[in-house]
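Only one structure is covered here, and it is reproduced in the block below.
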Amino acid sequence: MLDIQLLRNDLDNVAARLASRGFALDTVEFARLEAERKKIQTLTQELQAKRNASSKQIGIAKSKGEDVSTIMAEIANLGDELKAAEDALSALQTPLNALLMSIPNTPHATVPVGKSEEDNVEVSRVGTPRSFDFPIKDHVELGEKLGLDFETATKIAGARFSLLRGNLARLHRALAQFMLDTHTLDHGYTEVYVPYLVNAESMRGTGQLPKFEEDLFHVPRTDAEKLYLIPTAEVPVTNMVRGEIVDSATLPLKFVAHTPCFRSEAGAYGRDTRGMIRQHQFDKVELVQLVKPEHSEATLESLTAHAEAILQALELPYRKMALCTKDMGFSAAKTYDLEVWLPAQNTYREISSCSNFEAFQTRRMQARFRNDSGKPELLHSVNGSGLAVGRTLVAILENHQQADGSIHIPAALQPYMRGMTHLSLTT
RNA sequence: GGAGAGAUGGCCGAGUGGUCGAAGGUACUCCCCUGCUAAGGGAGCGUAGGGUUUAUAGCCUUACCGAGGGUUCGAAUCCCUCUCUCUCCGCCA
């Protein structure tokens, strides 16, 4: 959510920045609603003040045993008037608030302006794609012999689910363990275990609701509030500080969580149907930091480097992309995508997305700290995948495949496999 | 799942229709006093909005006592729904 003060004071400039990411803000409609709001809110508050003063007088008079019928008569119509004003105000604030909640974040000044993902800018490229002296296979073909079973998963749950067996399942688990250990022990994050089902308020806090409900799985309940399956650990972890004023001495807060993620991928029917690139359920290790505003830019850089460290340790070639204005997510002010090399697709594919949300999420959830002058101030939130576990498994299979179809296990991962150096076909 | 009790400001804790945004205590901040890591005296100390304003200062004002609705001139206090916490019983990983 943007700062409504900013919209009031600098509407055209905000609209221009939003236009750069392809969002058309109806400034005329906004200004109209705002003018109406101001008029009616002032009126409502005046009536409320009048009611409060009169009620107080009645109280005083009654305590003295005086007659109150004169005052009562004076405000006989006040109730209806006030009710009408309050109704008009809320009838106005509902669309205004809905509009505010549906406006995406303004891009940071350093974000490249662009019209599609074609305009994303490559920031760096690390590692060299291997040259193979044998015909390479993709992860689906490699996985067939190693315990990757889509047919059974489809029988159990449906399309876009996967089932792993034996050492392949173990490698998947080892990847998550390795990532968690690296981020906690080397990068200073605190590991958290969190709920995988969250309420609507949490989804609003990080920006999934109200706009992207169709991308979420939810659990209906008869009496109680509807619960949603998390599409990323960002939701439960960031909402840890919702409504809190955190002690500034504890900043920055650095959390890492390994969770499954559930996405209905409503708009992606034809894409990546083969393999485990795009699934309804996948595991991810997520990095979340809550920092003082002046630190969020630098935090995005360091957090992205923490994710990159995993790719480097796993000997996976990748490139770092600065997303252009059009390609960024709803809540982000600036985003780097890390794209891993997938030899079978002969291209780089997203494996991590690291974003600075500035105060966009924390404003929605009123997550603050007390600044040096003692006033509560909104935190900034920064997060990123470190990394998507399923896609990392895909990358390991494809990049470290051998001529015989076995998979070389990167040295960093071997301790997590009790010294195993290869994933062999007999598993 | 059954029975009961509760939810008030950073914390503890009063307050069952009227001058309550909320006593008191404690913590914290500032000042005074005091020959010393203490005690005492005084003052301040919630959040989010709106209006005014050069102003995130001041002033005026609204809302907020778990959440949402309702009754009333007036609700922390009464009514309804929900959420959560605690105690006992049952069940269970």
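Order of the sequence lines fixes the chain letters, A, B, ..., with proteins taken first and strands second; residue numbering starts at 1 for each chain. Since the model is a prediction, treat every value here as computed from it, not as a measurement.
The side chain of R51(A) contributes an N or O atom lying less than 4.0 Å from OP1 or OP2 of A63(B). Contact between the side-chain N/O atoms of K38(A) and the OP1/OP2 oxygens of U52(B) is found at a separation under 4.0 Å. Proximity of R37(A) to the phosphate of G51(B): a side-chain N or O atom is located under 4.0 Å from OP1 or OP2. Of the side-chain N and O atoms in R370(A), one or more sit less than 4.0 angstrom from OP1 or OP2 of U47(B). Between N199(A) and U83(B) there is no side-chain N or O to OP1 or OP2 distance below 4.0 Å.
Using a 3.5 Å distance cut-off with no hydrogens or angles, the side chains of E398(A) and H139(A) do pair a donor with an acceptor.
In this structure a side-chain-to-backbone donor-acceptor pair under 3.5 Å is missing from S202(A) to V198(A). Between the S406(A) side chain and the H422(A) main chain, no donor and acceptor come within less than 3.5 Å of each other.
Taking 4.0 Å as the cut-off between side-chain N and carboxylate O, R274(A) and D138(A) count as a salt-bridged pair. The pair E213(A)-K226(A) counts as a salt bridge, with a side-chain nitrogen and a carboxylate oxygen less than 4.0 angstrom apart.
Stem regions for RNA chain B, each three or more consecutive Watson-Crick or G-U pairs with both distances under 3.5 Å and listed by first number, read B:1-7 with B:83-89, B:10-12 with B:24-26, B:28-32 with B:40-44, B:46-52 with B:58-64, B:66-70 with B:78-82.
Picking from U47(B), G18(B), U62(B) the nucleotide with the shortest atom distance to the side chain of S55(A) gives G18(B).
Within 6.0 Å of CG on N9(A) lie more than 12 heavy atoms contributed by other residues, nucleotides or ligands.
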